[in-house]
Amino acid sequence: MNDGLDEAPPRRIRPLWTVLTVVVLLLLACGLPAVLVAGVAGEQGGRPVLRRADATADDPASRAARDLAARITTVLDRQSAALLAGDLDGFLAVAEPAAHADLRRRFAALRALKVTTWRAEVTGLPTGIASRPGEWRLLVRFQYCFVVPGCRPSPVLAGTRWRDDGGQPRLVAVEESKSAETGTRPWEVSDLVAATGARTVVATTPALRGKLPGLLARAEAAAKVADGYALGGSRPDRYRVFYAGRAEWERWYGGGRPTWTGGYAVTVGGGHHEVVLNGEGDEAGLDDLLRHELTHAASLPDQGYPGKATWWLVEGLAEYAGAAGRSVDRYEGLPEVRRLVQGGWNGRLEGIAPADDAPADRVGGSYGVGYLAVRHLVDRFGEQRLLDFFAAVVHERVPVARAAEQVFGESWTALHDECVAYVRARVS
């Protein structure tokens, strides 16, 4: 992967048994159902991108489709207002009875998350379903905020199905988003309970309700650490944390993570990242895990980072935050770093990112190398200059060599070799 390309970054994995974690900024290739759109749907720069047949033609079919889209917009506006008002009957009133169970669950989950903004924007024109006369499909862009009114909303694209008899359209179903960007959100598919603190909102399933008080307290403590790594003085309005049971882990945001994954953070647009924790993980490491993931949410830009060559910096900062000021000698990943170094590591930071199928100790060693390199830079230059370097490389896409000269006043070649020597010295 080339640092000069704005590519989707790779999945990063952390083994549960080393109490490590993952940030997933990958645009999950789930794909939308082919019947939803005639072209390709996506979210670029926060706006929907569609390539479909010309929707501006003035033939009778196009005029009818535009009229239906306008009437659906009116219905969706009314449903959105009902959601924000806490009016379940109004939320259900626009839909056929067959859709009520799913909509009731979505309503309850969104209300539990304290939804403060909910907008539904039709995208393109509805298309008839040949096998279901009188039914139409339409892609809708939903935008939402939790807890904080007036936030920059996060978008999600989802297919909807409608029945139309010439009067008020009736909602038949809202399909799981399965968007190319992030996959299905928890509130789309699961019953949720939630708790809200000053800096976080934490949600899980009713079966795990008993864990909410402890999770909230630990998330709030982690948020105080993560806030210190927010760049440009702009902290997340609330950190969004979802605690997954076994079934939910396989379903939320596309699932499919390796069994050793402890958690991940997904960029969902609007400046927000949503964190998912694996409920099957080691409770003893939850505090480190939360500090790591919330630091990703605080420090990373919407578009992810420039590529694998800067993986060590992104994960090294999160590991540094996760360590919460402990001495280097107490870093739990040192044995894995030692095995990596003694196993023939070539001494290059830009190539340290593990492959998706790497064994657990190789993954742990990679994260440890990133931590030690960042720790050396902090020890030499202080946290603020390290954050300035991170901002230049990760947010502004300044090449590492130029950023080192600008921020540290030294050549990256020399600093890189210093970091590598430090890594080797700590595990020798």
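Nothing here was measured: the structure is a model prediction, and the numbers come from that model. Scope of the values below: all heavy atoms of this structure, side chains included, with no hydrogens, waters or symmetry mates.
- When side chains are defined from C-beta on, Arg424 counts as touching Trp345, because their heavy atoms get closer than 4.5 Å.
- Summarising the geometry of Glu220 relative to Ala198, their closest heavy-atom pair is OE1-N, 3.2 Å, with the distance given to 0.1 Å.
- Tyr371 places none of its side-chain heavy atoms less than 4.5 Å from the side chain of Arg426.
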- Task: Report the C-alpha distance between Asp379 and Tyr422 in whole Å, list the side-chain angles of each, state the deciding distance to 0.1 Å, and finish with yes or no for side chain to side chain contact (heavy atoms under 4.5 Å, CB included).
- Result: CA-CA 11 Å; Asp379 289 347; Tyr422 180 84; 3.8 Å; yes

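- Interatomic distance, OH of Tyr264 versus NE2 of His292, reported as 14.5 Å (0.5 Å rounding).
- A salt bridge does not link Asp227 to Lys224: none of the charged nitrogens lies less than 4.0 Å from a carboxylate oxygen.
- Between Gln79 and the choices Thr74, Leu92, Leu103, the side chain to side chain contact (heavy atoms under 4.5 Å, CB included) rule is met once, by Leu103.
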- Please assess Asp237 against His272 for the test side chain to side chain contact (heavy atoms under 4.5 Å, CB included), listing each intermediate value before the final yes or no. CA-CA 9 Å; Asp237 52 38; His272 302 282; 3.1 Å; yes

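- Checking side-chain atoms of Arg170 against main-chain N and O of Ala93 turns up a donor-acceptor pair under 3.5 Å.
- Formation of a donor-acceptor pair under 3.5 Å by the Ser154 side chain with backbone atoms of Gly270 is not found in this model.
- With no hydrogens or angles considered, a side-chain donor-acceptor pair links Glu383 and Tyr320 at under 3.5 Å.
- At least one side-chain heavy atom of Leu372 sits less than 4.5 Å from a side-chain heavy atom of Leu334.
- Atom OG1 of Thr160 is separated from atom CD1 of Ile72 by 6.0 Å, given to the nearest 0.5 angstrom.
- Judged purely by atom type and a 3.5 angstrom limit, Arg106 uses its side chain to pair as donor or acceptor with the backbone of Val174.
- We find the CZ-CD distance between Arg161 and Glu175 to be 5.5 Å, quoted to the nearest 0.5 Å.
- Panel note: side chain Arg105, backbone Glu188; a donor-acceptor pair is recorded below 3.5 Å.
- Arg163 places no side-chain N or O within 3.5 Å of a backbone atom of Glu135 that could act as its donor or acceptor partner.
- Judged by distance alone, with hydrogens and angles left aside, the side-chain atoms of His416 form a donor-acceptor pair with the main-chain N or O of Leu349 at under 3.5 Å.
- Between Tyr243 and Trp252, the distance separating the two ring centers is not shorter than 6.0 angstrom.
- Shown here for Gln143 and Pro153, the closest heavy-atom pair between the two residues is OE1-CG, 3.5 Å.
- With Arg199 contributing its side chain and Pro236 its backbone, the two residues share a donor-acceptor pair below 3.5 Å.
- Under a 4.0 Å N-O distance rule, the pair Arg291/Asp287 does not qualify as a salt bridge.
- Salt bridge Asp388/Arg385: absent, no basic N to carboxylate O contact under 4.0 Å.
- Note that CG of Leu317 is 6.5 Å distant from CG of Leu386, once rounded to the nearest 0.5 Å.
- At distances below 3.5 Å, not a single donor-acceptor pair connects side-chain atoms of Ser299 with backbone N or O atoms of Tyr229.
- Thr205 and Glu248 share no side-chain donor-acceptor pair at under 3.5 Å.
- Inter-residue side-chain proximity for Val201 and Leu113 is flagged as met; some heavy-atom pair is nearer than 4.5 Å.
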- Task: For the pair Ile129 and Trp136, evaluate side chain to side chain contact (heavy atoms under 4.5 Å, CB included) and give the outcome as yes or no after the intermediate values.
- Result: CA-CA 6 Å; Ile129 304 173; Trp136 301 76; 5.7 Å; no

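- In this structure, the side chains of Arg362 and Arg339 stay at 4.5 Å or more apart for every pair of heavy atoms.
- The aromatic ring centroids of Trp249 and Phe242 lie 6.0 Å or more from each other.
- Here the CG-CG distance, from Leu290 to Leu215, works out to 7.5 Å after rounding to the nearest 0.5 Å.
- Proximity of Arg375 to Val328: side-chain heavy atoms (C-beta onward) are separated by under 4.5 Å at one or more points.
- Ala69 and Pro126 get closest at one heavy-atom pair: CB-CD, 3.8 Å.
- In plain terms, the two heavy atoms of Thr200 and Arg238 that are nearest each other are N-CD, 3.6 Å.
- For the residue pair Arg185 / Tyr144, a side-chain donor-acceptor distance below 3.5 Å is found, with atom types taken as modelled.
- With no hydrogens or angles considered, a side-chain donor-acceptor pair links Glu319 and Tyr331 at under 3.5 Å.
- One N or O on the side chain of Arg338 and one on the backbone of Val427 form a donor-acceptor pair closer than 3.5 Å.
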- Task: Using the side chain to side chain contact (heavy atoms under 4.5 Å, CB included) rule, take Glu176 and Arg251 through it: C-alpha gap first, then chi angles, then the decisive distance, then the call.
- Result: CA-CA 11 Å; Glu176 296 177 23; Arg251 194 172 189 189; 2.5 Å; yes

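- The aromatic rings of Trp412 and Trp312 lie parallel to each other, with less than 30° between the two planes, well short of the 60° mark.
- Looking at Arg380 and Leu415, their side chains come closer than 4.5 Å, going by heavy atoms from C-beta outward.
- Between Arg218 and Val241 the shortest side-chain heavy-atom distance does not fall below 4.5 Å.
- Val140 approaches Ala120 most closely through the heavy-atom pair CG1-CB, 4.0 Å.
- Below 30°, between 30° and 60°, or above 60°: for His395 and Phe390 the angle between ring planes is between 30° and 60°, a tilted geometry.
- Nearest heavy atom pair, residue Ile352 against residue Ser366, reads O-OG, 2.9 Å.
- One finds the CG atom of Leu110 at 9.5 Å from the CG atom of Leu84 (value rounded to the nearest 0.5 Å).
- Judged by distance alone, the side chain of Asp302 and the main-chain N or O of Gly271 form a donor-acceptor pair under 3.5 Å.
- A salt bridge is absent between Arg402 and Glu405; no separation between the charged side-chain nitrogens and carboxylate oxygens falls under 4.0 Å.
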